[in-house]
Amino acid sequence: MQERYEPSAVEADAQHYWDEQRCFEATEDPARDKYYCLSMFPYPSGRLHMGHVRNYTIGDVLSRFMRMNGKNVLQPMGWDAFGLPAENAAMANGVPPAKWTFDNIAHMKTQLKSLGFALDWSRELTTCDPKYYRWNQWLFLRMLEKGIAYQKTGVVNWDPVDKTVLANEQVIDGRGWRTGALVEKREIPMYYLKITAYAEDLLRALDGMQGWPERVRTMQANWIGKSQGVRIGFPYDAGSLKGVMHAFTTRPDTIMGVTFCAVAAEHPLAAHAARANPALAAFIEECKRGPAIEAELATQEKKGMPTGLAVRHPITQDAVPVWVGNYVLMSYGEGAVMGVPAHDERDFEFAKKYHLPISPVIEVPGRAYSLDAWAPWYADHGRCINSGPYDGLEFDAALDAIAADLGKLGLGEKQTTWRLRDWGISRQRYWGCPIPVVHCASCGTVPVRDADLPVLLPDDLVPDGSGNPLLKDEKFLVTSCPGCGGAARRETDTMDTFVDSSWYFLRFACSDNGQAMLDERVRYWLPVDQYIGGIEHAILHLLYARFWTRVVNELGAVGFREPFANLFTQGMVLNEVFFRKPDAGRIEYFNPADVEIRVDKDTAQRVAVLRADGTEVESGGVVTMSKSKNNGVDPQALVDEFGADTARLFTMFAAPPEQTLEWSDEGVQGAYRFIKRLWKAVHEHVASGPADPLDKGSLNDAQRALRRQAHQTLAKVTDDIGRRRTFNTAIASVMELLNSVAKYPQSSAPDRSVIQEALDIAVLALSPIVPHVTHALWRELGHTTALIDEPWMSVDAAALQTSTIELVVQVNGKLRARICVAADADDGAAREAALADPNVRKFVGAAAVRKVIVVPGKLVNVVV
RNA sequence: GCCCGGAUGGCGGAACUGGUAGACGCGCCGGACUCAAAAUCCGGUGGUGGUGACACCGUGUGGGUUCGAUUCCCUCUCCGGGCACCA
């Protein structure tokens, strides 16, 4: 055996063995339990970053662990290859997005291979490949047929200088990121998918999804946002415009406290009032120009303007003034809200600002209302007061009574509303899957025939920032109408890239099928047993995938409605961002590797300086590693210097995988050192020749103690990987075992047998995490089989037994002594032993013992 | 702003079901080996007081429940993720 650990040779050898044996090519075998382990596929941004390494190492550890536990494991990999960054790169370098994307894929695939992941590359798929995206188009046509896909107008960000639609990410402080022009909103026709039709099902199914983290289920439930309340009609007669304004409320019990109503800028009443009121028209224009992003909308100053119109309160018949509010959304409910300042914080602030009356109508026992300042309890449920016929009613009774009265008047009924909106999938962008419809002068919008799929996206265009290049590509545009055969033009909008990622996990079962989207192999492999990905996908991607699976289920292609049986959400890997924001033009981001932090000795001020030019850069805090913020850390340097095993070990040891991790490579040396120590321990052991078979019956105390620790370690690692998914503590326990082995006096034959077993366990237990070095060490330890095919060891229960245990003794909850008792000692014996301890006696002193609490096997607490 | 998380030594973290706070690792300090350095090995390492055995304090803030709280409840602060066209 070689004395020195040389990762490059060891890793090349192990990877060569796995490739040659085709260890990771999965085949369907109904006789065996399958385990489909899937990590979220990457966007091919150029290079892997530590977030990828973390994600794929978690998946790899679980895959290898399950494989050793007898499962037929499938772990595939693919590329989420459509999207905006390729267009940006194209603009910057003049290279077509296709070339840039495929070059990136080639490089990142090399990187993934160098990390030794147990991936089945025979199933690799790429979403920008027509063999993949034709099925997006095929399923879209099915959705059109079923009415799940439909057209309506939607609002987009419009850059008036570049004459192009901008993504939210490309709008910075309301301006286009390249031009700096004030962004306008435009309403254009788009395709939507009716995810809201599945809202109830998507919500209800969450309860049964015990394999998903609680926090993700909560986030999805809140996102879907079911609320039950009453739809209330406020009739109006504004001269030429008569009708009923509808507002939804979850607090119908406060209806007698309505002192105003507010409508969205797009509401018909607002438009009507604006005709005779230029100031109002200007305000409405201002609202319409405002942010389209919810976060900005919610933080902007709440503004309003009276319309001069009034609606009639459906119960009191009083006139209620109507305002236009910049915080009222046309897209939620019906674009109007009833204002109850006394019991809604936002309405309260609005009323204070514009001097509208505040009229309390709910009483909470023991509380006194003050009109001066808001208090959170004002929004609590209570008993109706100042509410005429409803006085004295509690929330539920008031709701029923008011809904019934409104029903009789034809001005309201109970209603359920959802926060969830339909999914707009049209993108005015080149690098995406073409929407398979054509526009014909005589037939209108016509779906492409199945036989004419796929609608191929040209792969040689270079966007220049001035809109979708498909609009200028006659070869793509010109076609004939599937209906009348006449001249027609293709749709140039492409699909949201979330469409691509909403079903790729199904396609891995049969990525080679050119005739159908899915086939019978899906029945064997799906649902995914373990899905692993970043918490940032907790809502959108995972919800869309659940929706898509339901649609495919209803087409009969799969027999289930939930795609992911178990979900593991890894924490983000964060790094600081550095940037410069010029007066004009784009923000420039600098990689932290190129930035030096200087700390002023006197002021302790931290200054970040770009190494290249020695001048200052701004820090934007610590955020997720991403291409767009240029704060990713390339793992390649780590792999090159220390090897893949060290990179994997370090990433897994740094923190529990579910937790956010602020990147730092301090400690990499420790991971490398540990592998070297393991190598050395095996080398020293093997140097004195083979060990005798273990004779369990004739061991001395020291030998039994080491054996106990070895099997405790095995039990802990098995539990930590298999159940807890805390790989950091699994590694720590093997480190402890190795520390004991290193200290163990290696002399007699039985000593060597016990050490052999301990090293076998250490190597096997670590193999899912550091598969290369353990592959080599397993052979060196004298085994003739390959470790990858070795079954996971079982714990020897007899090895764990002990005759005495240590108990902790507390006096009034403070640790005062440790005592040793027989393992089978009862509570009384433990109590006696505890009270007899000298230090315990000292702290008890003359005081009377009031109570003694004994926790069997753990502690005794003496209360005085 | 709203929804979901998080905060423990100089640093990453451990303590799994309310029961020994700081496992394991990094860093640092001291020592061995070396002409020297690196690598490696041995020992120490939360703070304060004490020669010492020990004692007191200590898990973001303030409060509560309990024999006992890093763990449960309430309050606040700060940090991260998401907010529908980044993926």
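In what follows, every chain begins at residue 1, and chains take the letters A, B, ... in the order their sequences are listed.
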Starting from C1' on G5(B), measure out to CZ on F568(A) and report it in whole angstrom. 14 Å
Just call it for K302(A): base, sugar-phosphate, or nothing, with non-hydrogen atoms closer than 4.0 Å on any strand. nothing
From the options G25(B), A21(B), A14(B), select the nucleotide whose nearest atom is closest to the side chain of L815(A). A21(B)
Could you state the atom-to-atom distance from CZ of F653(A) to P of G12(B) in whole Å? 14 Å
Atom CD of E736(A) and atom C1' of G25(B) are separated, to the nearest Å, by 11 Å
For the residue pair I435(A) and T494(A), establish whether any side-chain heavy-atom pair is separated by less than 4.5 Å. no
Each nucleotide in nucleotides 58-87 of chain B should get exactly one letter: B, S or -. Can you fill that in based on protein heavy atoms under 4.0 Å? ---------B------------SBSBBBSB
Nucleotide opposite C33(B) in a Watson-Crick or G-U pair, distances under 3.5 Å: none
Which residues satisfy the side chain to side chain contact (heavy atoms under 4.5 Å, CB included) test with K163(A), sequence neighbours excluded? W158(A)
Answer for the Watson-Crick or wobble partner of G19(B), both distances under 3.5 Å, is C67(B)
Check: U20(B) base within 3.5 Å donor-acceptor of R818(A) side chain: yes
Hey, which of these two, T726(A) or N839(A), hits RNA chain B nearer its 5' end, going by closest nucleotide? T726(A)
Residues which pass side chain to side chain contact (heavy atoms under 4.5 Å, CB included) with S626(A), listed by chain and number, not counting sequence neighbours: S628(A), K629(A), N631(A)
So, is K676(A) close to the A39(B) phosphate, meaning a side-chain N or O under 4.0 Å from OP1 or OP2? no
Which whole-number value in Å describes the distance from K814(A) NZ to C54(B) P? 16 Å
For residues 216-223 of chain A, dump all side-chain donor-acceptor pairs below 3.5 Å to protein atoms at least two apart in sequence or in another chain.
residue	atom	partner	partner atom	Å
R217(A)	NE	M209(A)	O	3.3
R217(A)	NE	W212(A)	O	3.3
R217(A)	NH1	L206(A)	O	3.4
R217(A)	NH2	E214(A)	OE1	3.1
T218(A)	OG1	E214(A)	O	2.9
Q220(A)	OE1	R546(A)	NH1	2.8
Q220(A)	NE2	A538(A)	O	3.0
N222(A)	ND2	T218(A)	O	3.4

In Watson-Crick or G-U wobble terms, both distances under 3.5 Å, what is the partner of C26(B)? G10(B)
Report the distance from atom CG of L738(A) to atom P of C41(B), rounded to the nearest whole Å. 10 Å
Do L574(A) and W663(A) come close enough that some side-chain heavy atom pair is under 4.5 Å? no
Considering every strand shown, what is the Watson-Crick or G-U wobble mate of G5(B) when both distances are under 3.5 Å? C79(B)
Of K716(A), Q709(A), Q712(A), the one forming a side chain to side chain contact (heavy atoms under 4.5 Å, CB included) with S733(A) is K716(A)
For nucleotides 42-50 of chain B, tabulate all protein N/O to nucleotide N/O atom pairs closer than 3.5 Å, reporting atom names and distance.
none

Whole Å only: how far is the NZ atom of K858(A) from the C1' atom of A15(B)? 10 Å
Base paired to C56(B) (Watson-Crick or G-U; both N/O distances under 3.5 angstrom): G47(B)
Nearest to the side chain of R816(A), which nucleotide is it out of C56(B), G25(B), G13(B)? C56(B)
To the nearest Å, how far apart are F674(A) CZ and G12(B) C1'? 17 Å
How about Y133(A) and F82(A): are their ring centroids closer than 6.0 Å? yes
Side chain proximity check, V844(A) to R816(A), heavy atoms < 4.5 angstrom: no
Given that both distances must come in under 3.5 Å, which nucleotide forms a Watson-Crick or G-U wobble pair with C86(B)? none
Under 4.0 Å: is that the gap between some side-chain N or O of N728(A) and OP1 or OP2 of A14(B)? yes
Gap between atoms CG and C1', on L329(A) and G1(B) respectively (whole Å): 12 Å
Per the ring pair (Phe, Tyr, Trp, His ring centres under 6.0 Å) rule, which among Y504(A), F498(A), W503(A) passes with Y544(A)? F498(A)
Partner residues of K858(A) under the side chain to side chain contact (heavy atoms under 4.5 Å, CB included) criterion, sequence neighbours left out: V855(A)
